[in-house]
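Reading through the structure tokens given below for one structure.
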Amino acid sequence: MADWRTRVKAIEELGALDHPHAVDVLMHRMQQDPVYRVQVAAYEQLKGLGEEVHKPKPSPEEPVKGVTKMLVRIKKSLPKDHTYEQFKDKLNKMRADVYDIYEGEKGDGFDAWLEAKWSDLRI
């Protein structure tokens, strides 16, 4: 569950089933997954199964509340002269769930976003 790519693949496989339980799981992912692209994948599978659903809208809020505070704690735990790559690696090790959510949300812009956040963090 911590990997948005795995969830998308599972959603595609569930979409091949025409079973009420599969529809329930797809509905839940469409409504509750923290990664928008996973929500959209579930929506597309549900539409393909003939379900009457509305495409989810991206949330205007941060996917993870308190993410800046969390990133500050990670930055503080590293040596003062640490690199962005060390910060990124520690985030992935300590909070793989958060790393996955933002990687899924930001797509190709993930590294640029995370590096900008890292450089803006004040400790």
Side-chain angles (χ1 to χ4, degrees):
M1 286 302 291
D3 180 358
W4 66 269
R5 289 174 187 87
T6 302
R7 294 195 307 275
V8 168
K9 185 175 179 182
I11 283 168
E12 291 168 354
E13 291 174 11
L14 284 170
L17 305 174
D18 194 3
H19 189 275
H21 183 66
V23 170
D24 289 345
V25 172
L26 290 170
M27 284 286 202
H28 186 263
R29 288 294 93 204
M30 183 183 78
Q31 297 167 346
Q32 301 297 322
D33 202 278
V35 177
Y36 181 66
R37 66 176 65 195
V38 175
Q39 294 174 13
V40 171
Y43 160 79
E44 290 169 352
Q45 293 302 320
L46 287 164
K47 288 292 281 186
L49 291 171
E51 296 293 318
E52 290 189 31
V53 290
H54 298 285
K55 186 174 183 178
K57 294 182 175 153
S59 174
E61 298 177 17
E62 280 290 329
V64 178
K65 292 184 189 232
V67 70
T68 300
K69 191 181 275 189
M70 182 187 318
L71 296 176
V72 165
R73 282 194 302 268
I74 291 170
K75 188 170 184 173
K76 281 182 176 181
S77 73
L78 291 164
K80 199 160 190 78
D81 61 346
H82 71 273
T83 66
Y84 163 69
E85 289 301 324
Q86 290 170 315
F87 172 79
K88 179 180 170 184
D89 185 54
K90 186 147 189 184
L91 170 62
N92 193 16
K93 286 179 181 170
M94 288 182 66
R95 292 302 307 262
D97 58 332
V98 172
Y99 186 97
D100 178 73
I101 289 169
Y102 281 95
E103 183 187 39
E105 283 296 305
K106 303 297 181 183
D108 291 339
F110 172 70
D111 273 317
W113 171 82
L114 185 59
E115 189 166 7
K117 288 291 273 186
W118 168 73
S119 67
D120 288 344
L121 294 173
R122 302 290 172 233
I123 57 171

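These figures come from a predicted structure and were not determined experimentally.
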With rounding to the nearest 0.5 Å, note down the distance linking [atom1] in [X] to [atom2] in [Y].
X: Ile74; Y: Tyr99; atom1: CD1; atom2: OH; answer: 11.5 Å
X: Leu26; Y: His28; atom1: CG; atom2: NE2; answer: 11.5 Å
X: Arg7; Y: Arg37; atom1: CZ; atom2: CZ; answer: 11.0 Å
X: Lys90; Y: Arg95; atom1: NZ; atom2: CZ; answer: 13.5 Å
X: Asp97; Y: Asp3; atom1: CG; atom2: CG; answer: 12.0 Å
X: Met70; Y: Met94; atom1: CE; atom2: CE; answer: 9.5 Å

Nearest non-hydrogen partners of [X] and [Y], listed with the distance:
X: Lys55; Y: Tyr36; answer: CE-OH, 3.8 Å
X: Val98; Y: Val64; answer: CG2-CG1, 4.1 Å
X: Tyr102; Y: Pro63; answer: OH-CD, 3.4 Å
X: Val72; Y: Leu121; answer: CG2-CD2, 3.6 Å

(request) Say whether Leu49 and Val40 are linked into one hydrophobic cluster, either directly or through other cluster members, by side-chain heavy-atom distances under 4.5 angstrom. (result)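 Cluster IDs for Leu49 and Val40 differ.
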(message) Among residues at least two apart in sequence or on other chains, which ones pass ring pair (Phe, Tyr, Trp, His ring centres under 6.0 Å) with Tyr43?
(response)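 By the ring pair (Phe, Tyr, Trp, His ring centres under 6.0 Å) rule, Tyr43 matches no residue at all.
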(request) Kindly say whether Val38 contributes a backbone atom to a donor-acceptor pair with the side chain of Arg29 at under 3.5 angstrom? (result)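 No, because the side chain of Arg29 does not come within donor-acceptor range (under 3.5 Å) of the backbone of Val38.
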(request) Please confirm whether the backbone N or O of Trp4 pairs with a side-chain atom of Asp100, one donor and one acceptor, at under 3.5 Å? (result)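 Yes: the side chain of Asp100 pairs with the backbone of Trp4.
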Distance-only criterion, 3.5 Å: show the donor-acceptor pairs between side-chain atoms of residues 8-21 and protein atoms not counting sequence neighbours.
residue: His19; atom: ND1; partner: His21; partner atom: N; Å: 3.0

(request) Scan for side chain to side chain donor-acceptor pair (under 3.5 Å) pairs involving residues 103-123, sequence neighbours excluded, and state none if there are none. (result)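 Qualifying pairs: Arg5-Glu103, Thr68-Lys117, His82-Trp118, Tyr84-Asp111, Lys88-Asp111.
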(message) Do Thr83 and Gln86 have side chains that approach each other closer than 4.5 Å (heavy atoms only, starting at C-beta)?
(response)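 They are in contact (side-chain heavy atoms under 4.5 Å apart), so the answer is yes.
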